[in-house]
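Heads up, the thing below is written out as structure tokens.
Numbers for residues simply follow the sequence, beginning at 1. If you're wondering where the values come from, they're calculated on a predicted model, not measured in any experiment.
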Amino acid sequence: MQNASHALVVIDVQNDFCPGGRLAVNDGDKIVPGINALMKDFQTVILTQDWHPADHSSFASQHDGGTAFSVIQMAYGPQVLWPDHCIQGSHGAALHKDLNTDPANLIIRKGFRRQIDSYSAFFENDHVTSTGLHGYCSERGIDRLTMVGLATDFCVQYSALDAAGLGYKVNVREDLCRAIDLDGSLDAARKAMRTAGVGLD
Ligand code: VGL
Ligand code: ZN
């Protein structure tokens, strides 16, 4: 491949999303060797890192009577409450130790504002506040993105949908992703991505 306009985006391959982590995704660590191998095909590799303050509003622990995996209304819309995870500087927030970070041109952190979550690599959950990734990609002439990582039905899906909405050609390598799958969220994510023209392979 090695096409300058085609970047690989590796989403949230962090300890807390891997077995033993605070929001562990089944077999989340199994995708690491395949992602490392895929990096060799890309000139541009972008990593994302979920990066929350300890009192982040997406944590059930911050809400009276809040239970993990329930949904509440925030100023910007519905928000799933999560167990505390990916706290800035913690071991859980670190990228998986076997993930090859050497080829990464950019590591983008997201979810660092207490009041708002950010699943997508492009926009926070208000769908308006930019992370700056679109500016980075457009300035570098990148118009095509391959996405891999965790979790298929949350951060990968939101990133893929935003990228498609911004006009990128996007494909998600499902074999190099793993899902949380809350109440059918994986099926819903697949449908939404197909409808948006995201290639699933
Ligand atoms: C994620 C839930 C909360 C993800 C991040 O990376 O998919 N999911 N924070
Ligand atoms: Zn998070």
Side-chain angles (χ1 to χ4, degrees), residues 1-14 16-17 25 31-32 35-36 38-39 41-53 56-58 76-77 79 82 85-86 88-89 93-96 99-174 176-178 180 189 192-193 196-201:
M1 243 182 277
Q2 287 288 0
N3 176 339
S5 63
H6 185 185
L8 176 65
V9 185
V10 180
I11 312 253
D12 297 0
V13 181
Q14 293 168 262
D16 271 342
F17 298 123
V25 179
I31 61 179
V32 172
I35 293 174
N36 288 341
L38 186 62
M39 286 178 184
D41 294 340
F42 289 84
Q43 277 176 34
T44 302
V45 174
I46 298 161
L47 310 182
T48 71
Q49 204 170 11
D50 210 36
W51 197 250
H52 299 309
H56 195 250
S57 58
S58 76
Y76 52 81
Q79 170 71 47
W82 302 106
H85 65 279
C86 296
Q88 296 168 359
L95 295 163
H96 189 283
L99 184 73
N100 184 7
T101 58
D102 294 348
N105 302 127
L106 175 73
I107 301 179
I108 193 145
R109 287 175 168 166
K110 59 187 181 60
F112 49 74
R113 278 182 258 272
R114 188 176 78 79
Q115 293 299 350
I116 184 164
D117 204 3
S118 186
Y119 294 149
S120 163
F122 289 95
F123 294 104
E124 300 191 15
N125 284 8
D126 60 2
H127 303 290
V128 176
T129 310
S130 172
T131 63
L133 182 56
H134 181 44
Y136 177 87
C137 290
S138 14
E139 287 203 8
R140 298 207 37 203
I142 290 162
D143 60 8
R144 189 167 161 204
L145 300 170
T146 292
M147 297 193 176
V148 298
L150 305 171
T152 324
D153 41 347
F154 287 90
C155 291
V156 175
Q157 175 196 197
Y158 276 66
S159 299
L161 294 179
D162 280 346
L166 288 165
Y168 294 89
K169 273 175 276 166
V170 193
N171 73 306
V172 168
R173 281 279 304 264
E174 273 206 274
L176 297 177
C177 295
R178 291 293 182 274
I180 295 176
M193 290 193 282
V198 173
L200 296 182
D201 42 42

Quick check: closest heavy atoms across I108 and T131, and the distance to 0.1 Å?
CD1-O, 3.6 Å
Does the side-chain contact (heavy atoms from CB on, under 4.5 Å) test come out yes or no for S57 and R113, once each step is laid out?
CA-CA 9 Å; S57 58; R113 278 182 258 272; over 6 Å; no
Taking N36 for its side chain and L99 for its backbone only, find out whether a donor-acceptor pair lies under 3.5 Å.
no
Are V172 and V156 side-chain neighbours, meaning at least one heavy-atom pair lies under 4.5 Å?
yes
So Q157 and S120, do their side chains get closer than 4.5 Å, heavy atoms only?
no
Do S159 side-chain atoms and A121 backbone N/O form a donor-acceptor pair below 3.5 Å?
yes
Where the side chain of N105 meets the backbone of V45, is there a donor-acceptor pair that is under 3.5 Å apart?
yes
So does D201 get a backbone contact from the side chain of E174, meaning a donor-acceptor N/O pair under 3.5 Å?
no
Just wondering, do V148 and V9 contact through their side chains at under 4.5 Å, heavy atoms?
no
I'd like to know if the side chain of T152 and the backbone of R178 have a donor-acceptor N/O pair within less than 3.5 Å.
yes
Which pair of heavy atoms, one from C137 and one from L145, lies closest together, and at what distance?
SG-CD2, 4.4 Å
Residue pair K110 / C155: nearest heavy atoms and the distance that separates them
NZ-SG, 3.4 Å
Output for pair (Q115 CD, T129 OG1), nearest 0.5 Å, gives 12.0 Å
Side-chain touch R173/L200, heavy atoms, less than 4.5 angstrom:
no
Side-chain heavy-atom pair L8, T44 within 4.5 angstrom cut-off
no
Any idea which heavy atoms bring A160 and V198 closest together, and the distance?
O-CG2, 3.8 Å
I would like to know whether D50 and H85 meet side-chain contact (heavy atoms from CB on, under 4.5 Å); could you show each step before the answer?
CA-CA 9 Å; D50 210 36; H85 65 279; 3.0 Å; yes
How long is the straight-line distance from OH of Y158 back to CG of D153, given to the nearest 0.5 Å?
10.0 Å
Quick check for you: to the nearest 0.5 Å, what is the distance between R144 atom CZ and K169 atom NZ?
6.0 Å
How close do Q49 and Q14 get, heavy atom to heavy atom, and via which atoms?
CG-NE2, 3.3 Å
May I ask you to check whether F17 and F154 place their ring centers less than 6.0 Å from one another?
no
In the structure I gave you, are the side-chain heavy atoms of I180 and W82 within less than 4.5 Å of one another anywhere?
yes
Are any of the side-chain heavy atoms of I46 and M147 separated by less than 4.5 Å?
no
Single hit among E139, R140, H134 for side chain to side chain donor-acceptor pair (under 3.5 Å) with Y136
R140
Just how far is it from atom CZ of R114 to atom CD1 of I116, taken to the nearest 0.5 Å?
12.5 Å
Between F123 and S130, the two heavy atoms sitting closest are CD2-CA, 3.9 Å
Looking only at side chains, do S118 and N125 share a donor and an acceptor under 3.5 Å apart?
no
Interatomic distance, L47 atom CG to D12 atom CG [nearest 0.5 angstrom]:
10.0 Å
Test V10 against T48 for side-chain contact (heavy atoms from CB on, under 4.5 Å), laying out the working first.
CA-CA 6 Å; V10 180; T48 71; over 6 Å; no
Any side-chain donor near an acceptor of the partner, D117 and Q79, under 3.5 Å
yes
Are F112 and H52 near enough that their ring centres are under 6.0 Å apart?
no
Could you check whether any side-chain heavy atom of L106 comes within less than 4.5 Å of a side-chain heavy atom of L133, counting everything from C-beta outward?
yes
Could you tell me how the ring of F122 sits relative to the ring of Y168: parallel (under 30°), tilted (30 to 60°) or perpendicular (over 60°)?
tilted
Evaluate the side-chain contact (heavy atoms from CB on, under 4.5 Å) criterion for residues M193 and L161: first the C-alpha distance (whole Å), next the side-chain angles of each, then the deciding distance (0.1 Å), finally the verdict.
CA-CA 6 Å; M193 290 193 282; L161 294 179; 4.1 Å; yes
How far does CD1 of I142 sit from CZ of F42, to the nearest 0.5 angstrom?
10.5 Å
